[in-house]
Amino acid sequence: IELENVTWAMLPGSTIAYTRVAGFSQDVGKELGAAIDAAEAQGATGIILDLRNNPGGLLHEAVAVSAQFLPPHGVVVLRQDAQGDVKQELVPNDAAPTSLPVVVLINQGSASASEIVSGALQDAGRATLVGETTFGTGTVLNEFGLSDGSAILLATEQWLTPDGRVIWREGIVPDEVVELTGPVRLLTPETADDLT
C-alpha cells in the first residue's frame, strides 16, 4: 500500500501553505522540501506544518524534515544512553532551509519523530507550536533476540530536545494551547479547498 505522507495546499484567499506530514517514512524529507519549493513558487509567505496524529517513523527522516527549517549543523535531537553520554543528531552540511515563518500543529497523537521535529523547531525559536501536548515517546528501542527465537524490545537511549528537555512521558508542550473538543473533523490539505 502506497501512502502519501506529504500533502500540501495553499489555504484559500491567503498566501499560507498548509503542509501535512502523516508519517516519517523513507524520503519524507525530500518530499517536504519539494512541497515547500512548490509553495514558495506559488508565492507562499508562511507555512503551517501539520504533525497532528503523526505516529513518527525513521529518525533520519526526522532530521531531514528538520533540515527544511533549521540551518546546517543545527542540533535536531540529543540521544542519551544509560550512562548519561549524549550524542547529537545534526542538520546536514548541505541543508538549504526555507526562511518562511512556520507554525507547527501538534496533538496527543503526535509521537516519536513528530516530537523530535517539533521540539527542535521550538528550541531553535524557529516555529510556534499550536495545539495540545504530544504523546511523550522519547526512547530508542533496540531488538534483542532470545534463544527460543522470540525477541524483546529494550529501551537503550532516551531522546532529549536540543535544550535538554526530556520527551519521554513529558511530551512537547505547545506555545499556544488549543484543545479540540467534541466531534471535530481535522482539516487536511485535501479538504482545504472547502474553506471559505
Side-chain angles (χ1 to χ4, degrees), residues 3 5-6 19-37 47 49-129 131 133-144 153-175:
L3 299 176
N5 280 303
V6 177
T19 308
R20 172 158 173 71
V21 176
F24 286 81
S25 59
Q26 193 65 37
D27 293 329
V28 162
K30 288 180 185 175
E31 292 171 20
L32 179 61
I36 292 171
D37 289 345
I47 296 173
L49 177 63
D50 190 350
L51 298 178
R52 292 174 299 178
N53 297 329
N54 180 323
L58 303 172
L59 173 61
H60 69 268
E61 290 300 333
V63 173
V65 166
S66 299
Q68 303 303 320
F69 306 101
L70 298 176
H73 304 294
V75 179
V76 176
V77 68
L78 305 176
R79 297 171 57 175
Q80 183 181 50
D81 65 18
Q83 288 72 44
D85 295 327
V86 174
K87 294 179 186 172
Q88 297 179 331
E89 294 288 338
L90 303 175
V91 173
N93 297 339
D94 59 352
T98 181
S99 60
L100 294 179
V102 185
V103 167
V104 179
L105 303 181
I106 54 174
N107 67 4
Q108 293 174 338
S110 305
S112 186
S114 297
E115 295 174 294
I116 288 173
V117 172
S118 55
L121 271 57
Q122 187 180 48
D123 280 3
R126 184 62 185 87
T128 300
L129 274 53
T133 300
T134 61
F135 184 78
T137 305
T139 58
V140 177
L141 298 177
N142 284 324
E143 184 176 310
F144 295 90
L153 292 175
L154 184 66
T156 57
E157 294 178 329
Q158 71 171 344
W159 293 329
L160 309 174
T161 70
D163 286 350
R165 292 183 291 149
V166 174
I167 298 174
W168 172 243
R169 295 183 178 167
E170 300 293 328
I172 301 296
V173 178
D175 301 299

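This one's a predicted model, so the numbers in the text were calculated from it and none came from an experiment. One is the number of the first residue; the rest follow in order along the sequence.
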What heavy-atom pair brings L51 and R20 nearest, and what distance separates the two atoms? C-NH1, 4.5 Å

Are V117 and N54 side-chain neighbours, meaning at least one heavy-atom pair lies under 4.5 Å? no

For A95, all residues meeting side-chain contact (heavy atoms from CB on, under 4.5 Å), sequence neighbours excluded: A67, P72, V91, P97

For residues 135-142, tabulate all N or O donor-acceptor pairs below 3.5 Å that involve a side-chain atom, not counting sequence neighbours.
| unit_1 | atom_1 | unit_2 | atom_2 | d |
| --- | --- | --- | --- | --- |
| N142 | ND2 | T156 | OG1 | 2.7 |

Nearest heavy atoms of G33 and Q68, plus distance in Å: CA-OE1, 3.2 Å

Under 3.5 Å donor-acceptor, T161 side chain and G119 backbone: no

Under 3.5 Å, which donor-acceptor pairs do the side chains of residues 21-31 form with other protein atoms, sequence neighbours left out?
| unit_1 | atom_1 | unit_2 | atom_2 | d |
| --- | --- | --- | --- | --- |
| S25 | OG | N5 | ND2 | 2.6 |
| Q26 | OE1 | H60 | NE2 | 3.4 |

Residue pairs passing the side-chain hydrogen bond (donor to acceptor under 3.5 Å, both in side chains) test with at least one member in residues 90-101, sequence neighbours excluded, are E40-T98, H73-N93

I need the I106 CD1 to E115 CD distance, nearest 0.5 Å. 8.5 Å

If a pair satisfies salt bridge (charged side-chain N to carboxylate O under 4.0 Å, His left out) and one of its residues is in residues 155-174, list it, with sequence neighbours excluded. R79-E157, D123-R165

Is N107 close to P174 at the side-chain level, that is, under 4.5 Å between some pair of heavy atoms? no

Nearest-0.5 Å distance, CG of residue L32 to CG of residue D37: 9.5 Å

Could I get the full list of side-chain contact (heavy atoms from CB on, under 4.5 Å) partners for L78, not counting sequence neighbours? V75, V86, Q88, L160

Whether the side chain of Q80 engages the backbone of G164 through a donor-acceptor N/O pair (distance < 3.5 Å, no angle test) should be reported. no

